[in-house]
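Taking it in order: structure first as structure tokens, then the write-up.
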Amino acid sequence: MRPTRVLLAPLLALASLSALAEEAAAQNFFEELFGIGRAARPPVPPRGVPNAPPAQPGAVPPGAPGVPGAPVDPNAEAQKPAAPAPTRPVVLKAPADDNVVGQDLLLNGLNGTLKMERAGANMTARLTLPGTKVSQPTESCSVPLSGGQPVTLTSAGKPEGVARFEAAAAECPLRFEVLEGSVLVTPLGGNPVCTFSAADCATTPAGLWGPGAAGLIPRSAEFDTGRGVADKAVRENYKVMTQRARREDVRPIVTEQAAFSSDREQVCRTYAREGSHGFCHLRFSEARALALAARLGANSAAPTAAVAPRPRRKPVVDGMNPDAGGAPQSVAE
């Protein structure tokens, strides 16, 4: 009987432990189910990591600048915002006074003719003005100014940054502003229409006189690059004007800048194939940038920005690997 008693004692102990384990597991299950177990207890921080004391009001963190004895951050000066540099007008390269001499220019690149020529120290212009018949507005007409003879122009200096000439005594008084490869024409009187009763023709010579679209489209990339430079110059010069102006004078400047885009669109919307080359938009933006620089007292003889086409690269010689060390380098023209 003794061996039996010896075997029963361990079995009874194992049974008791198993019952206790099952009871504890059931208790843990119901505690977790009803949120009263370990999930409801706050987590215990790991040993060796002290809890940070709460920050006192008005306390300065260690190492902050301005605290005596605090370590100096070597990158603190580099992180400070740089002081704004003094602004100055952006001046584009002004077109030469006679860069259009001898060229046949068209109103909006479409019709009419304008040819400026040198006559000693004077500048002359031959114009044929396009228009519509007074009696039949649906029919076109043209009138040679001064009977086709050269009209002597009077120099008016460069009040807007570009050479200005005037024909005040002509049958149709006009102003000529010489841009790069083009001329911006505006009437001197208040009426934009010049009517020639003898020819039964009403003409509107105002606008940009320049080359035809066929010669401009291949240069569209060049004009696009130049327009980015010119538009930036316009924005920067308006910014300088607002910084220099008195508070009561800022509003008219802002209004003028807001009207710039609509003025340009009004002038260039009828230029031939303007959407394909952007020539008129470029020249109008350049003229406005130069005019603003002149109003700011900048010297157009020392440009701070120039409009130049993007450099083209010579093609690599056939048969050569451009990635190889001995391949010829492309050189910008």
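- Residues Arg283 and Leu179 approach most closely at O-CD1, 3.9 Å, considering heavy atoms.
- Taking the salt bridge (Lys or Arg N to Asp or Glu O under 4.0 Å) definition, one finds that Arg246 meets it with Glu248, Asp249, sequence neighbours left out.
- Asp231 meets the salt bridge (Lys or Arg N to Asp or Glu O under 4.0 Å) test with Arg227, Arg264; sequence neighbours excluded.
- The salt bridge (Lys or Arg N to Asp or Glu O under 4.0 Å) search around Arg219 returns Glu222, not counting sequence neighbours.
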Show me the donor-acceptor pairs, under 3.5 Å and distance only, between side chains in residues 124-134 and residues at least two apart or in other chains.
{"residue": "Thr124", "atom": "OG1", "partner": "Glu117", "partner atom": "O", "Å": "3.3"}
{"residue": "Arg126", "atom": "NH1", "partner": "Gly148", "partner atom": "O", "Å": "3.0"}
{"residue": "Thr128", "atom": "OG1", "partner": "Thr113", "partner atom": "OG1", "Å": "3.2"}
{"residue": "Lys133", "atom": "NZ", "partner": "Glu139", "partner atom": "OE1", "Å": "3.4"}

task = Run the numbers on Arg175 and Val185 for side chain to side chain contact (heavy atoms under 4.5 Å, CB included), then give the verdict.
result = CA-CA 6 Å; Arg175 173 181 295 154; Val185 177; over 6 Å; no
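- A donor-acceptor pair under 3.5 Å links the side-chain atoms of Glu171 to the main chain of Ser146, judged by distance alone.
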ask   = Step by step, would you call Asp263 with Phe284 a side chain to side chain contact (heavy atoms under 4.5 Å, CB included)?
value = CA-CA 9 Å; Asp263 292 343; Phe284 192 85; 4.1 Å; yes
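- The closest side-chain heavy-atom distance from Met116 to Leu114 is below 4.5 Å.
- Under a hydrophobic clustering in which Ile, Leu, Val, Met, Phe, Trp and Tyr are joined whenever their side-chain heavy atoms come within less than 4.5 Å, directly or via other members, Leu145 and Leu153 fall into the same cluster.
- Taking a 6.0 Å sphere around CZ of Arg244, one finds it holds more than 12 heavy atoms contributed by other residues, nucleotides or ligands.
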Compile the donor-acceptor pairs under 3.5 Å between side chains in residues 234-241 and protein atoms, sequence neighbours left out, one pair per line.
{"residue": "Asn237", "atom": "OD1", "partner": "Val90", "partner atom": "N", "Å": "2.7"}
{"residue": "Asn237", "atom": "ND2", "partner": "Val90", "partner atom": "O", "Å": "3.0"}
{"residue": "Asn237", "atom": "ND2", "partner": "Ala233", "partner atom": "O", "Å": "3.3"}
{"residue": "Asn237", "atom": "ND2", "partner": "Ala289", "partner atom": "O", "Å": "3.2"}
{"residue": "Tyr238", "atom": "OH", "partner": "Glu256", "partner atom": "OE2", "Å": "3.4"}
{"residue": "Tyr238", "atom": "OH", "partner": "Arg288", "partner atom": "NH1", "Å": "3.3"}

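- Under the disulfide (SG to SG under 2.5 Å) criterion, the residue pairs touching residues 145-183 are Cys172-Cys194, with sequence neighbours excluded.
- By the ring-ring contact (aromatic ring centres under 6.0 Å, His included) test, Phe196 is found to be paired with no residue, residues two or more places apart in sequence or in another chain being considered.
- Residues Val178 and Val162 fail the side-chain proximity criterion, which asks for heavy atoms closer than 4.5 Å.
- Listed by first and then second residue, the ring-ring contact (aromatic ring centres under 6.0 Å, His included) pairs that reach into residues 206-233 are Phe223-Phe279, sequence neighbours excluded.
- Taking both residues in full, the closest heavy atoms of Leu174 and Pro187 are given as CD2-CA, 4.0 Å, listed atom of the first, atom of the second, then distance.
- Looking at residues two or more places apart in sequence or on another chain, you find a side chain to side chain donor-acceptor pair (under 3.5 Å) between Glu274 and His281.
- For residues 196-217, no pair satisfies salt bridge (charged side-chain N to carboxylate O under 4.0 Å, His left out), with sequence neighbours left out.
- Residues Pro211 and Gly181 approach most closely at CD-O, 3.5 Å, considering heavy atoms.
- Evaluation of the disulfide (SG to SG under 2.5 Å) test over residues 200-238, restricted to residues two or more places apart or in two chains, returns Cys141-Cys201.
- Contact of the Leu188 side chain with the Glu166 side chain is registered, since non-hydrogen atoms from C-beta on lie closer than 4.5 Å.
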message = Go through it in stages, so that I can follow the logic: the residues are Val100 and Lys115, the test is side chain to side chain contact (heavy atoms under 4.5 Å, CB included), and I'd like the CA-CA distance, side-chain angles, deciding distance and then a yes or no.
response = CA-CA 8 Å; Val100 294; Lys115 189 173 185 178; over 6 Å; no
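- For the pair Arg164 and Lys158, the minimum side-chain heavy-atom distance is 4.5 Å or more.
- You'll find the side chain of Glu177 stays beyond 4.5 Å of the side chain of Phe165, heavy atoms only.
- Between Thr270 and Asn108, the side chains place a donor N or O and an acceptor N or O closer than 3.5 Å (distance only, hydrogens not considered).
- Contact detail for Pro192 and Pro205: the closest heavy-atom pair is O-CD, 3.9 Å.
- Ser285 and Phe260 get closest at one heavy-atom pair: OG-CZ, 3.7 Å.
- Residue pairs meeting the disulfide (SG to SG under 2.5 Å) criterion with at least one partner in residues 203-277, sequence neighbours excluded, are Cys268-Cys280.
- In this structure, Glu180 and Asn99 have side chains that are in contact, with non-hydrogen atoms separated by less than 4.5 Å.
- Here the CG atom belonging to Leu107 is positioned 12.0 Å from the OG atom belonging to Ser142, to the nearest 0.5 angstrom.
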query = Step by step, would you call Thr203 with Val193 a side chain to side chain contact (heavy atoms under 4.5 Å, CB included)?
reply = CA-CA 6 Å; Thr203 66; Val193 179; 5.9 Å; no
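- For Val267 against Leu184, the heavy-atom pair with the smallest separation is CG1-CD1, 4.3 Å.
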